[in-house]
Novice: 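Quick one: structure below, then a few questions.
Computed from a predicted model, the values in this text were never measured in an experiment. What you see below is based on every heavy atom in this structure, not just the backbone, and it leaves out hydrogens, waters and symmetry mates.
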Amino acid sequence: MRAHNTLEAGRERLFISRDGSPLRGHTLYQAFVRARKRVGMDNLTFHDLRHTGQTLAAQTGATLADLMKRLGRSSMAAARRYLHAVDGRDQEIAKALSEPAAHGDVARLAKTSTM
């Protein structure tokens with residue numbers, strides 16, 4: 001992304017026209033529509049991309065505060081929508097908590113904490 005911004009887009013916009021001016025109208029959306037058709041995903045929306053990015057961030061351990069910042073929103077309700085990605089991880093969490101307990105080494109837990 002940094003290379004793209006430096007070489008292609010400049011400081012103010014992520015996507016620009018060939019002459020360096022801002023994209024006109026629905027240019028980006030039209031390119032997105034062509035791309036999704038090409039890969040056979042006609043029903044994919046821009047919002048789906050945003051949702052996928054936030055869901056993947058939640059799966060990697062992003063906190064509620066992290067998700068809120070990435071969304072550019074202050075609403076906890078908006079960020080909580082993406083935490084469904086970590087629902088059902090109770091077994092995985094229990095296993096991770098059991099390991100330091102089994103060895104009597106609670107200090108090991110802090111190294112893997114996302115807090």
Side-chain angles (χ1 to χ4, degrees):
M1 291 299 294
R2 285 188 187 119
H4 169 77
N5 282 351
T6 302
L7 299 172
E8 304 290 336
R11 299 183 139 189
E12 304 210 2
R13 292 185 166 71
L14 185 57
F15 300 104
I16 57 174
S17 64
R18 289 184 180 149
D19 67 2
S21 63
L23 292 177
R24 293 179 15 194
H26 287 74
T27 305
L28 182 61
Y29 180 72
Q30 290 167 348
F32 175 71
V33 169
R34 285 191 305 273
R36 72 182 185 190
K37 278 186 181 181
R38 188 175 294 159
V39 297
M41 299 180 79
D42 293 344
N43 294 326
L44 186 70
T45 67
F46 253 82
H47 182 77
D48 293 334
L49 299 177
R50 178 181 172 96
H51 185 77
T52 299
Q54 288 297 96
T55 300
L56 292 172
Q59 287 175 333
T60 64
T63 65
L64 185 59
D66 295 330
L67 295 173
M68 289 170 62
K69 183 176 179 183
R70 290 174 52 86
L71 284 168
R73 298 182 182 170
S74 59
S75 165
M76 281 194 214
R80 278 193 194 113
R81 288 184 191 125
Y82 302 100
L83 289 176
H84 68 82
V86 295
D87 287 347
R89 289 188 50 214
D90 291 339
Q91 276 188 318
E92 188 178 330
I93 293 167
K95 183 179 176 185
L97 290 170
S98 295
E99 192 172 316
H103 300 287
D105 187 4
V106 179
R108 288 177 55 195
L109 183 60
K111 293 177 185 175
T112 60
S113 176
T114 59
M115 295 181 78

Novice: Nearest heavy-atom pair of R70 and A57: which atoms, and what distance?
Specialist: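 For R70 and A57, the tightest heavy-atom pair comes out as NE-CB, 3.6 Å.
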Novice: Counting distance only, does the side-chain N/O of Q54 pair as donor-acceptor with the main-chain N or O of A79 below 3.5 Å?
Specialist: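 No: the side chain of Q54 does not pair with the backbone of A79.
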Novice: Do R50 and L71 make a side-chain contact, defined as non-hydrogen atoms from C-beta onward lying under 4.5 Å apart?
Specialist: yes
Novice: Report the distance from atom CZ of R80 to atom CE of M68, rounding to the nearest 0.5 Å.
Specialist: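 If we round to the nearest 0.5 Å, R80:CZ and M68:CE are 8.5 Å apart.
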Novice: How long is the span from the CG atom in L28 to the CD atom in Q30, to the nearest 0.5 Å?
Specialist: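 Taking CG in L28 and CD in Q30, the distance rounds to 9.5 Å.
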Novice: What distance do T52 atom OG1 and L44 atom CG have between them, rounded to the nearest 0.5 Å?
Specialist: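 T52 atom OG1 to L44 atom CG measures 7.0 Å (nearest 0.5 Å).
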Novice: Kindly write out the residues that satisfy side chain to side chain contact (heavy atoms under 4.5 Å, CB included) with R24, not counting sequence neighbours, or none if the list is empty.
Specialist: T27
Novice: Which pair of heavy atoms, one from L67 and one from A62, lies closest together, and at what distance?
Specialist: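 Looking at all heavy atoms of both residues, the closest pair is CD2-CB, 3.9 Å.
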Novice: So, S21 side chain and S17 main chain: donor-acceptor pair closer than 3.5 Å or not?
Specialist: no
Novice: State whether the number of non-hydrogen atoms from other residues, nucleotides or ligands found under 6.0 Å of D42 atom CG is greater than 12.
Specialist: yes
Novice: Return the orientation label for the H26 and Y29 ring planes: parallel under 30°, perpendicular over 60°, tilted otherwise.
Specialist: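 It falls in the perpendicular class, over 60°.
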